[in-house]
Amino acid sequence: MALTIYNSLTRQKEEFVPVEPGQVGIYVCGPTVYGPPHLGHAKSYITFDVLVKHLRNSGLKVRYVQNITDVGHLTDDADAGEDKIQRQARIDQVHPWEVVDKWTRQYMNDMEKLHVAHPSFYVRASQHIGEQIEAVQALIANGSAYEVNGNVYFSVEAFPEYGKLSGRRLEEQKEAVRVESRGEKKNPRDFALWKKAEPGHILKWNSPWGEGYPGWHIECSVMATKYLGKTFDIHGGGLENKFPHHECEIAQSESLNHAPFCRYWVHNNMVTVDGIKMGKSLGNFKTCEDLLSRHSAEAIRAFILSTHYRSPSNYTEEAISATATGLTRLSQLQSALQELIEKQAGAGSADADAEKLCVEVEKKIVACLDDDLDTPGAIAALYSMVTDANKLLASSSLSSAGGQRLLSLIQKWGGEILGILAPAGKASAELDIAPVMDMLINLRKEMKAAKKFDVADSIRDRLKESGILIEDTKEGTRWRKA
RNA sequence: GGCGGCAUAGCCAAGUGGUAAGGCAAUGGUCUGCAAAACCAUUAUUCAUCGGUUCGAAUCCGAUUGCCGCCUCCA
């Protein structure tokens with residue numbers, strides 16, 4: 001069984017074969033750090049988080065590199081516009097590096113809260129200025145680029161395959177672009193490799209062409225090939241980056257290295273809110289911080305992963321709430337299994353069934369993830385396993401060992417890999433309310449014995465109002481947080 | 001205008017030629033003093049519409065309608 005993944009470059013699903021057997025190099029476009037991380041970031045990075053975890057679980061050694069774009073870049077790829085970071089710095093009246101630092105930290109914080117594992121390492125555009133300058137020089141030297149007035153442009157006509165990723169034909173594009181936008185470029189589709197710093201521009205570096213800063217696309221080409229090789233396995237990112245960003249990356253890299261840049265292009269789809277594009281100008285974008293204040297990380301992940309990565313996720317409050325409700329079945333099972341394990345139940349006749357169930361479910365989950373990262377399918381497999389596990393549990397013929405087997409399975413896939421199951425028992429570290437709860441539960445038990453059900457119900461109702469649920473079972477009363 | 005994607009039950013969502021996964025919501029039942037949780041059962045003769053290919057199509061092809069994204073920064 002091996003991974004099959006949809007390759008945007010060939011527009012079909014392909015069996016994944018790494019350049020180096022047993023090893024995977026993956027590069028994912030990270031955020032430009034000038035504002036709060038939002039649900040769109042979450043979709044992208046949760047997707048690649050699961051991909052990487054799945055690859056590692058499959059026995060592959062993965063080097064996962066993600067960039068942090070901390071060099072401004074213009075709001076407009078033509079010659080107008082302002083550096084995004086600098087603009088934010090002006091608005092906040094701080095130094096650009098303060099903007100960069102603040103949002104880098106926020107990004108990493110949010111990702112950690114969302115159980116998105118750290119990449120193998122992050123790379124920063126600002127720390128690879130030298131390499132970028134060298135790449136631009138080499139491109140000029142081999143005739144792929146030219147300098148005009150301190151700006152350097154890549155000449156798309158020097159790369160006949162330009163457009164192969166996005167399906168845009170250069171000839172068709174020419175007509176569409178208005179002549180007046182051409183400026184000093186030889187071809188209006190030429191894109192900047194190096195920009196001259198206008199007066200007042202703060203984030204700038206010395207270069208053979210004077211003070212300036214690197215163009216938008218060159219950082220990814222340089223950093224990806226530096227750490228992963230001239231031809232590496234997977235390049236990931238959001239769909240909206242397919243053109244022009246990724247198209248330009250291919251043009252630069254392949255003109256420079258004369259080797260295929262990346263074998264598999266993986267693009268995740270977008271997030272909409274109530275059916276409409278999420279965007280700053282529309283004022284409907286959901287930040288991770290805001291979402292995390294109202295929903296668990298597990299619910300957010302489950303919401304994202306319950307839609308295939310190549311389909312758009314439509315955020316509605318109703319949808320994410322329903323997802324969260326569904327998730328309680330999984331955590332209920334986890335608690336029930338832990339209870340069984342603590343009881344140290346002896347050999348059970350259902351253990352063989354549990355083992356069989358685990359083998360089947362794991363096989364199914366792996367098959368789903370291997371099939372172009374079908375996370376909705378994997379979650380469905382996990383859910384139907386919950387029903388079966390509950391049946392085994394209800395049969396009272398499961399031993400602690402059998403319970404442990406089931407528990408390990410849901411913790412591995414639900415917890416570690418998909419990240420939709422919170423580890424149990426981590427709650428209430430601040431204050432141990434267990435003794436208080438014991439007291440209340442005993443009191444309620446006495447009331448029930450005395451047939452004072454109104455009092456017993458009142459205790460239960462009031463606890464519910466405080467966010468604690470009381471459940472009477474044959475083994476006694478238990479409680480949990482709502 | 002160019003490029004790409006999507007339309008599956010009240011809602012979310014799989015399905016990649018062999019006769020519609022899973023979740024939420026709802027209803028009935030078992031259990032319970034009553035609940036909760038759990039389990040059982042029911043909920044799409046049908047996959048936007050119209051044609052075509054095929055023994056057979058939600059799945060392939062064509063047309064139509066609607067929605068979304070990209071083409072300017074964006075995950």
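The structure presented is a predicted model; accordingly, all values stated were derived computationally and were not measured. Just so we're on the same page: letters track the sequence lines, and every chain starts at 1.
- For the pair N269(A) and C6(B), the criterion of a side-chain N or O lying under 4.0 Å from OP1 or OP2 is not met.
- Among the nucleotides C74(B), C68(B), G23(B), the one closest to any side-chain atom of T272(A) is C68(B).
- Separation of the C1' atoms belonging to C61(B) and U54(B) is 12 Å when rounded to the nearest angstrom.
- Under the 3.5 Å distance criterion, the side-chain polar atoms of E471(A) are left unmatched by any main-chain donor or acceptor of R478(A).
- Ion pairing between a basic and an acidic side chain is recognised when a charged N comes within 4.0 Å of a carboxylate O; R294(A) and E317(A) show such pairing.
- Look at OH on Y383(A): it is 11 Å from C1' on C12(B), rounded to the nearest Å.
- Among the protein residues, N241(A) comes within range of the sugar-phosphate backbone only, with heavy atoms under 4.0 Å from sugar or phosphate atoms but none that close to a base.
- Among G33(B), A14(B), G22(B), the nucleotide with an atom closest to any side-chain atom of P376(A) is A14(B).
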Evaluate the salt bridge (charged side-chain N to carboxylate O under 4.0 Å, His left out) criterion for residues R310(A) and D372(A): first the C-alpha distance (whole Å), next the side-chain angles of each, then the deciding distance (0.1 Å), finally the verdict.
-> CA-CA 9 Å; R310(A) 284 196 286 120; D372(A) 196 26; 2.7 Å; yes
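- Close to G33(B), at under 4.0 Å from its OP1 or OP2, lies no side-chain N or O of R460(A).
- Across all strands, Y45(A) comes closer than 4.0 Å only to sugar-phosphate atoms, never to a base (heavy-atom distances).
- Taking side-chain N and O atoms only, R329(A) has a distance below 4.0 Å to OP1 or OP2 of G23(B).
- Taking the six-membered ring where tryptophan is involved, the planes of F261(A) and W265(A) are tilted, since the angle between them lies from 30° to 60°.
- For R189(A), the listed nucleotide lying nearest its side chain is C71(B); candidates were C71(B), A75(B), C34(B).
- One atom, CG of N314(A), and another, P of C68(B), lie 11 Å apart when rounded to the nearest Å.
- As a whole-Å value, the separation of L382(A) CG from G22(B) C1' is 11 Å.
- One interatomic measurement links the two molecules: CE of M278(A) to C1' of C73(B), which rounds to 14 Å at whole-angstrom precision.
- Other residues, nucleotides and ligands contribute more than 12 heavy atoms inside 6.0 Å of the CD atom of Q12(A).
- Nucleic acid contact class of K464(A) (heavy atoms, under 4.0 Å, all strands): none.
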Does the salt bridge (charged side-chain N to carboxylate O under 4.0 Å, His left out) test come out yes or no for E219(A) and R124(A), once each step is laid out?
-> CA-CA 9 Å; E219(A) 63 183 59; R124(A) 286 169 177 74; over 6 Å; no
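- Atom NE2 in H235(A) sits about 13 Å away from atom P in A75(B), given to the nearest Å.
- If you check every strand for non-hydrogen atoms under 4.0 Å, G40(A) touches a base.
- Put simply, CD1 on I379(A) is 9 Å from C1' on G23(B), counting in whole angstrom units.
- Residue contacts for R310(A): at a heavy-atom cut-off of 4.0 Å it reaches no nucleic acid atom on any strand shown.
- Residue Q332(A) places its side chain closer to A38(B) than to any other of A75(B), A38(B), G33(B).
- Listed candidates were A75(B), C34(B), G4(B). Nearest to the side chain of H41(A) is A75(B).
- Checked against A25(B), G33(B), U16(B), the side chain of K13(A) finds its nearest nucleotide in U16(B).
- Here the P atom of nucleotide G5(B) and the CZ atom of F243(A) are 17 Å apart, to the nearest Å.
- For C40(B), one of the phosphate oxygens OP1 or OP2 lies less than 4.0 angstrom from a side-chain nitrogen or oxygen of K391(A).
- U19(B) and A25(B) are spaced 30 Å apart, taking the P atom of each and rounding to whole Å.
- When distances run from any side-chain atom of K448(A) to the nucleotides G33(B), A75(B), A14(B), the shortest one goes to G33(B).
- Side-chain nitrogen and oxygen atoms of N268(A) include none within less than 4.0 Å of the OP1 or OP2 phosphate oxygen of A75(B).
- Comparing A14(B), C11(B), G22(B) by their closest approach to the side chain of E318(A) singles out C11(B).
- You can call F453(A) stacked on the base of G33(B); the centres are under 5.5 Å apart and the planes sit within 30°.
- In this structure, W216(A) reaches the C74(B) phosphate: one of its side-chain N or O atoms is under 4.0 Å from OP1 or OP2.
- Among the nucleotides G33(B), A75(B), G22(B), the one closest to any side-chain atom of A380(A) is G22(B).
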